[in-house]
Amino acid sequence: MSNATTTTERAPSVYVPSAEALATVLAPGARPPRPSALGASLTFGWRALLKIKHVPEQLFDVTAFPIIMVLMFTYLFGGALADSPRDYLQFFLPGIMVTSVVMITMYTGVGLNTDIEKGVFDRFRTLPVWRPAALVGMIFGDVLRYILAAVVILGVGLALGFRPDGGVAGVAAGIGLLVIFSFAFSWVWTFFGLILRSEKSVMGVSMMVLFPLTFLSNVFVEPSTMPGWLQAFVNVNPVSQLVASVRAVMSGSSDPSATMWLLAWSAGFVLVFGTLTMYKYNRR
């Protein structure tokens with residue numbers, strides 16, 4: 001009778017690193033604190049600026065486009081609607097500044113939709129930061145685009161003969177009101193950027209909304225020259241309220257009613273579309 005041979009499995013050895021080995025791979029000192037909501041938002045805002053640095057063609061819509069708008073409409077309508085293009089420019093420039101900046105707010109939604117399609121925001125959601133920071137920071141970065149577009153238009157206007165009676169303070173106040181509204185209005189496009197499937201869809205819907213708001217307003221002519229039914233729409237149009245406010249402060253006066261409605265519209269956009277955007281973003 002042969003002896004049965006038994007085999008035993010050896011348990012694999014477990015390596016336990018020493019404290020010295022761990023110290024070589026771990027960062028020295030205490031764990032860094034969690035970034036604040038503002039700090040995280042500003043970091044994502046800086047990311048938006050770096051995208052412009054690496055793709056400077058993005059500045060075309062805030063430089064060349066406003067210049068074309070100012071030159072085209074000033075010399076196209078100036079002679080017909082006023083005694084001269086220069087006289088028309090005094091009335092027209094604050095309005096075209098508003099139109100140009102409000103129209104480029106749609107690129108907030110377009111850029112967001114592009115990042116989502118590329119999976120960038122899926123990676124952002126895994127970071128240990130305030131969840132809305134990526135969205136808020138993106139809009140913070142776009143604020144610089146709005147200011148740059150306004151400054152470019154103002155520079156062209158000054159070269160053509162625009163002279164704001166409100167001086168530097170009036171111009172700064174006008175740009176400030178424009179930035180407040182544009183920041184709030186950008187939340188409309190972030191919501192569309194989240195719910196629509198492609199950047200072309202975002203741009204198409206944006207144009208359908210923006211063209212009536214900007215052209216059926218007090219940008220080009222006084223509402224008193226329009227039919228009564230059209231005046232009713234123009235007078236409640238948020239873009240008209242913005243134009244009236246900016247036009248007033250740049251001329252050295254004020255329009256309390258238009259400014260109040262402007263701030264109310266801005267708060268409403270943030271409250272409604274900001275809430276919808278956060279709800280949709282957190283459920284993705």
How about [X] and [Y]: does a side-chain donor come under 3.5 Å of a side-chain acceptor?
X	Y	answer
Trp189	Ser206	no
Ser198	Ser201	yes
Thr108	Asp142	yes
Thr190	Thr277	yes

Is [X] reaching over with its side chain to a backbone N or O of [Y], donor-acceptor style, under 3.5 angstrom?
X	Y	value
Glu199	Val110	no
Ser245	Thr259	yes
Asn113	Gly109	no
Asn218	Pro223	no
Ser251	Ala248	yes
Thr105	Ser182	no
Arg247	Phe91	yes
Arg86	Phe162	no

Minimum heavy-atom distance [X]-[Y], with the two atoms named:
X	Y	answer
Gly193	Val202	CA-CG2, 4.0 Å
Leu89	Pro94	O-CD, 4.4 Å
Ala258	Gln241	CA-OE1, 3.4 Å
Val239	Asn237	N-OD1, 3.0 Å
Pro212	Val209	CD-O, 3.4 Å
Val156	Leu71	CG1-CD2, 4.5 Å

Angle class for the Phe273/Phe192 ring planes (parallel below 30°, perpendicular above 60°, tilted otherwise)?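 The arrangement is tilted - the two ring planes meet at 30° to 60°.
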For residues [X] and [Y], determine if any side-chain heavy atom of one lies less than 4.5 Å from a side-chain heavy atom of the other.
X	Y	value
Tyr281	Leu135	yes
Val219	Val98	no
Trp261	Pro256	no
Phe44	Ile139	no
Val136	Trp130	yes
Met226	Leu216	no

When you group the ILVMFWY residues by side-chain heavy-atom contacts below 4.5 Å and let the links chain together, are [Y] and [X] in the same group?
X	Y	value
Phe233	Trp229	yes
Val236	Val234	no
Met97	Val221	yes
Leu271	Ile180	no

Distance, nearest 0.5 Å, that separates [atom1] of [X] from [atom2] of [Y]:
X	Y	atom1	atom2	answer
Leu213	Leu242	CG	CG	11.0 Å
Leu177	Leu263	CG	CG	7.0 Å
Met138	Ser41	CE	OG	11.0 Å
Ile68	Ser100	CD1	OG	10.5 Å
Thr99	Leu210	OG1	CG	10.0 Å
Thr43	Trp46	OG1	CH2	11.0 Å

Using the test ring-ring contact (aromatic ring centres under 6.0 Å, His included), find all partners of Tyr107 that sit at least two apart in sequence or belong to another chain.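 For Tyr107, no residue satisfies ring-ring contact (aromatic ring centres under 6.0 Å, His included) once neighbours in sequence are set aside.
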Not counting sequence neighbours, which residues clear ring-ring contact (aromatic ring centres under 6.0 Å, His included) with Phe181? List them please.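 Here the qualifying residues are Phe185, Phe269.
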Is it the case that the ring center of Tyr88 lies less than 6.0 angstrom away from the ring center of Phe73?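 Ring centroids of Phe73 and Tyr88 are no less than 6.0 Å from each other.
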When you check the gap from the basic side-chain N to the acidic O, do Arg123 and Asp115 get nearer than 4.0 Å?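 No.
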Could you give me the CA-CA distance, side-chain angles and deciding distance for Trp265 and Val270, then say whether side-chain contact (heavy atoms from CB on, under 4.5 Å) is met? CA-CA 9 Å; Trp265 276 108; Val270 174; over 6 Å; no
